[in-house]
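Following: one structure in C-alpha cells, then a few remarks.
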Amino acid sequence: QVQLVESGGGLVQAGGSLRLSCAASGRTFSPFAMGWCRQAPGKEREFVGVITWRSARAYYADSVKGRFTISRDNAKNTMYLQMNSLKPEDTAVYYCAIGRPSGSTWKVSDFGSWGQGTQVTVSS
C-alpha cells in the first residue's frame with residue numbers, strides 16, 4: 001500500500017511563492033503519473049496539475065498554467081509543486097495523488113491513493 005505525505009503548505013501574501021512536496025512510501029513505487037488537486041472551502045475538489053512519472057511530462061489546469069510547475073525526483077519518490085505569483089483564489093487544501101487518465105483530459109476522478117492534504121492560504 002502506497003502512502004503519500006504532503007508538506008510545505010503555509011500562509012503567504014499574494015504574489016508570493018510556496019513549494020509543496022509529496023513523498024511516497026511503501027511498496028516499489030512506479031506509478032503512471034502523480035498529480036495535485038485542491039479543494040477550497042465550500043467548493044468541489046479540482047484538478048491542478050499532473051506529471052507522468054517516467055517521461056516527466058506535465059499538464060496543468062488553465063487557472064495555474066504559467067504560475068505553477070510540477071517536477072519529480074524518481075530517486076526520492078517525491079513530487080513537487082512550485083507555486084509562484086500566488087493569488088487569494090489559490091487558497092485551498094492541496095492534495096497529491098496517484099493518477100491514470102481515463103480520457104483525453106485529466107480530472108479529479110482519475111486520481112486515487114490521496115495524501116492527507118496541506119493547507120495553502122494566500123492573503124490579499
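Since this is a predicted model, take the numbers as computed values, not measurements.
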Closest non-hydrogen atom pair between [X] and [Y], with its separation:
X	Y	value
Gly9	Thr118	N-OG1, 3.2 Å
Gln116	Leu4	OE1-O, 3.7 Å
Ser124	Pro88	CB-CG, 3.8 Å

Give, for atom [atom1] of [X] and atom [atom2] of [Y], the distance between the pair rounded to the nearest 0.5 Å.
X	Y	atom1	atom2	result
Gln82	Ile70	CD	CD1	11.5 Å
Cys22	Ile51	SG	CD1	12.0 Å
Ser85	Arg67	OG	CZ	7.0 Å
Phe111	Cys37	CZ	SG	5.0 Å
Phe47	Ser109	CZ	OG	11.5 Å

Original post:
Is it true that the NZ or CZ of Arg19 lies under 6.0 Å from the centre of Tyr80's six-membered ring and within 45 degrees of the ring axis?
Top reply: yes
Subject >> side-chain contact (heavy atoms from CB on, under 4.5 Å) partners of Val120, counting only residues at least two apart >> reply: Leu18, Leu20, Met83, Tyr94, Val122
Original post:
Which residues satisfy the side-chain contact (heavy atoms from CB on, under 4.5 Å) test with Ser63, sequence neighbours excluded?
Top reply: Arg38, Ala61
Can [Y] be reached from [X] by stepping across I, L, V, M, F, W or Y side chains whose heavy atoms are under 4.5 Å apart?
X	Y	value
Phe32	Val2	no
Phe29	Met79	yes
Tyr60	Met34	yes
Leu86	Val64	yes

Subject >> Residues which pass salt bridge (Lys or Arg N to Asp or Glu O under 4.0 Å) with Lys65, listed by chain and number, not counting sequence neighbours >> reply: Asp62
**OP:** Go through the structure and list residues passing salt bridge (Lys or Arg N to Asp or Glu O under 4.0 Å) with Glu89, not counting sequence neighbours.
**Re:** none
Subject >> Residues, nucleotides or ligands: over 12 heavy atoms within 6.0 Å of Gln119 CD >> reply: yes
Subject >> 4.5 Å side-chain heavy-atom contact, Phe68 and Val48 >> reply: yes
Pairs of donor and acceptor atoms involving the side chains of residues 95-106, under 3.5 Å and at least two apart or interchain, shall be tabulated with distances.
residue, atom, partner, partner atom, Å
Ser102, OG, Lys107, NZ, 2.7
Ser102, OG, Asp110, OD1, 2.6

Original post:
Going through the distances and angles, do Trp53 and Asn74 end up as a side-chain contact (heavy atoms from CB on, under 4.5 Å)?
Top reply: CA-CA 8 Å; Trp53 204 247; Asn74 289 25; 3.9 Å; yes
**OP:** For Asn84 and Ser17, test the side chains for any donor-to-acceptor distance below 3.5 angstrom and give the result as yes or no.
**Re:** yes
Subject >> Donor-acceptor pair, side chain of Arg72 and main chain of Arg54, under 3.5 angstrom >> reply: yes
Subject >> Co-members of Val5 in a cluster of I, L, V, M, F, W and Y side chains, linked at under 4.5 Å >> reply: none
